[in-house]
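Comments concern the structure below.
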Amino acid sequence: MPLSIETFNYASYHNLDEIYDFMDLLAAEKPSLVSKIQIGRSYEGRPINILKFSTGGVKRPAIWIDTGIHSREWVTQASGIVFAKKLLDGYGKDASVTSILDHFDIFLEIVTNPDGFAFTHSKNRMWRKTRSINSGSSCVGVDPNRNWDAGFGVAGSSGNPCSETYRGPRANSEPEVKAIVDFVKSHGNIKAFVSIHSYSQLLLYPFGYTSKKAADAQELDALAKKAVDALSSLHGTQYKYGSIITTIYQASGGTIDWTYEQGIKYSYTFELRDTGRYGFMLPASQIIPTAEETWLALKVIMEHTRDHPY
Amino acid sequence: TENFVGHQVLRISAADEAQVDKVKDLEELEDLQLDFWRAPVHPELPIDVRVPFASLQGVKVYLESHDIDYSIMIEDLQELVDEEQLHMSRRHF
C-alpha cells in the first residue's frame, strides 16, 4: 500500500529513512503550508532536514521545535512526527493553530541527531551521542546537549570522550549543533525555542550552567506552570517544572541556555514520559498519548509567544 | 548489532550526599560499562543505571555493602528491545 499521510502509522516507531520519507510526504501534501529545508549535513554526511510551516510573509517571527537530539530517546522523534501532522491538519481547522500560523512560522526538526538515530536502529539501541570520532580516543561521539556555546566547558559536562556527557573538543564542534546555530543566527527572528528530550516528565527553562537566575525567570516559571497544567489535564501525567540547575542538576553547554542568551526569551526543554518504569524504552503504545499531552503544553507556549510580542 | 541480554536497569535511591558520592565512584569505573540514564546528582533525585550482565553481581554487592537502596526498573532490557523490534516489523504488514 503506498505510504501516505493517512496510512502512515503514527503509533509506531520508525527508522531514519521512513521519517525522512514522511517529511517529503508532508511537504507534498500541502506545499503551500509545508516545506522541507536542509540546514546542513551530519558528521557522517547525512542531510539535516527541518520542516518549515509558513503561511507567507518574509522573516516572520518564528517558533522552533526540535526532537531527538539524544538519539535513543525515540518517543521524542515519534512525537515530532505527530506534531507535524497536527500542524498540517490544524491550519484552517484548529483556531489556535491557525492563529499561530497566521502570525508565526514554525520550524520543526524531527531528527536532530541523524547519525546517532541511524546507529540506534542499526547497531546500538542505547546510543545517545553524535557519531563523531574523537581523536586520541577509542570512544566515539559527543553529547550534543553539552556542545553549545553557553557555559561551555564549565562544571556540568565531561571532558572524557568516553562519557555520555562528553562536551566535545570545542563549542559547536558537532555539525548537528553548528547547523542549528547557523540557522538561528541567520534567521534572527526566532521568538520561542523548544528542545524535546525524554525522560522524567519535566519542563525546564534556563539556566543549566549557572545558578544565576534568568532575567525572565518569573514569566518563564508562570508559563511553565500553565503549560504543565494543560499537559496533565489530558491523561493526568504529572510534570515538575523549573530552571535546569534547580530542578535537576548543573548542565553546561546546553541548547536552551544558548538560545536564551541569543535573546530567545521563550526557551524550554521538555523531558517527556516516563518517570521510571521504561525510561526511554517507552513502548510504542504510549507514543500517541505522550505526543497528545505534550502538544497541549506546546500550544500554551506558542499561544503565549503569539500574545506577548517582544 | 549490540545485544543487551542480561542487562538490567537499576533504580538507585541514595539516602544522602555520601551515598550519592558512593554511586559517583561507580561511575568512574569505566570497565563496569555502566550507562547512567539518570545521573547521580542529589538524594532527592532517583538514579537510573543500565548494568551489563558481567557487572551486575559486583554492582549489587557494592550497593548492598553500602546500604544503598535499589530496585530493578527493567529486569531484562533485551526483552524490551526485542518487543520494540517486533512491533516495528509488524507495522509493515
Side-chain angles (χ1 to χ4, degrees), chain A residues 1 3 7-15 18 70 72-75 78 119-129 137-139 143 156-158 160-165 198-200 202 240 244-251 271 274-287, chain B residues 1-14 17 20 23-24 26-52 69-93:
Chain A
M1 185 186 340
L3 204 55
T7 62
F8 188 87
N9 186 346
Y10 295 90
S12 180
Y13 291 117
H14 293 270
N15 64 34
E18 289 161 346
H70 284 147
R72 65 188 185 186
E73 298 162 6
W74 281 11
V75 69
F119 199 69
T120 61
H121 280 271
S122 62
K123 291 288 185 302
N124 182 344
R125 173 69 182 82
M126 303 300 142
W127 193 262
R128 157 191 166 103
K129 302 192 286 183
S137 170
S138 59
C139 292
D143 181 345
S157 67
S158 170
N160 174 358
C162 298
S163 166
E164 290 293 353
T165 56
S198 80
Y199 61 99
S200 50
L202 299 170
K240 290 185 181 143
I244 298 167
I245 195 165
T246 58
T247 311
I248 33 173
Y249 48 43
Q250 184 171 17
E271 291 281 357
D274 64 18
T275 54
R277 169 65 191 85
Y278 297 101
F280 54 77
M281 292 296 296
L282 205 64
S285 57
Q286 292 200 38
I287 292 171
Chain B
T1 304
E2 189 108 10
N3 88 48
F4 305 97
V5 173
H7 290 219
Q8 289 189 336
V9 179
L10 304 184
R11 164 147 290 189
I12 301 171
S13 309
E17 289 296 346
V20 171
V23 179
K24 282 182 180 172
L26 276 180
E27 196 173 14
E28 298 307 315
L29 305 176
E30 281 183 14
D31 53 349
L32 289 178
Q33 299 277 306
L34 300 183
D35 172 15
F36 280 87
W37 287 13
R38 290 184 68 166
V41 183
H42 45 77
E44 292 76 61
L45 289 180
I47 302 162
D48 296 342
V49 57
R50 170 171 65 91
V51 184
D69 276 348
Y70 70 87
S71 59
I72 298 174
M73 174 174 147
I74 296 177
E75 189 84 28
D76 181 346
L77 186 56
Q78 188 58 41
E79 206 172 280
L80 278 187
V81 174
D82 293 344
E83 270 171 38
E84 206 173 56
Q85 288 302 320
L86 182 65
H87 186 273
M88 283 179 69
S89 60
R90 204 183 296 146
R91 164 182 44 79
H92 280 301
F93 303 99

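The figures here come from the full heavy-atom set of this structure, side chains too, leaving out hydrogens, waters and symmetry mates.
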Closest heavy-atom contact between [X] and [Y]?
X        : Y        : value
B:Glu17  : B:Pro43  : OE2-CD, 3.3 Å
A:Lys129 : A:Ser163 : NZ-O, 2.9 Å
A:Arg72  : A:Met126 : NH1-O, 2.8 Å
A:Tyr249 : B:Ala39  : CE2-CB, 4.3 Å
A:Ala251 : A:Ile244 : CB-CG2, 4.4 Å

Applying a criterion of heavy atom separation less than 4.5 Å, what residues of residues 1-10 of chain B form contacts with chain A?
B:Thr1, B:Glu2, B:Phe4
Pair count under 4.5 Å, heavy atoms only, with chain A: among B:Arg50, B:His42, B:Glu27, highest is B:Arg50
Heavy-atom distances under 4.5 Å only: say whether [X] touches chain B with side chain, backbone, both or neither.
X        : result
A:Ser200 : both
A:Arg128 : neither
A:Trp74  : side chain
A:Phe119 : neither
A:Ser198 : neither

Judged by atom type as modelled, is there a donor-acceptor pair below 3.5 Å linking the side chain of B:Ser89 to the main-chain atoms of B:Leu86?
yes
With a 4.5 angstrom heavy-atom cut-off, could you sort out which part of [X] is near chain A: side chain, backbone, both or neither?
X       : answer
B:Leu45 : side chain
B:Val41 : side chain
B:Glu44 : neither
B:Arg38 : both

Mind running ring-ring contact (aromatic ring centres under 6.0 Å, His included) on A:Phe8 and A:His14 for me, showing each step along the way?
CA-CA 10 Å; A:Phe8 188 87; A:His14 293 270; 4.1 Å; yes
Rounded to the nearest 0.5 Å, what's the gap from CG on A:Asn160 to CD on B:Glu30? Could you check?
5.0 Å
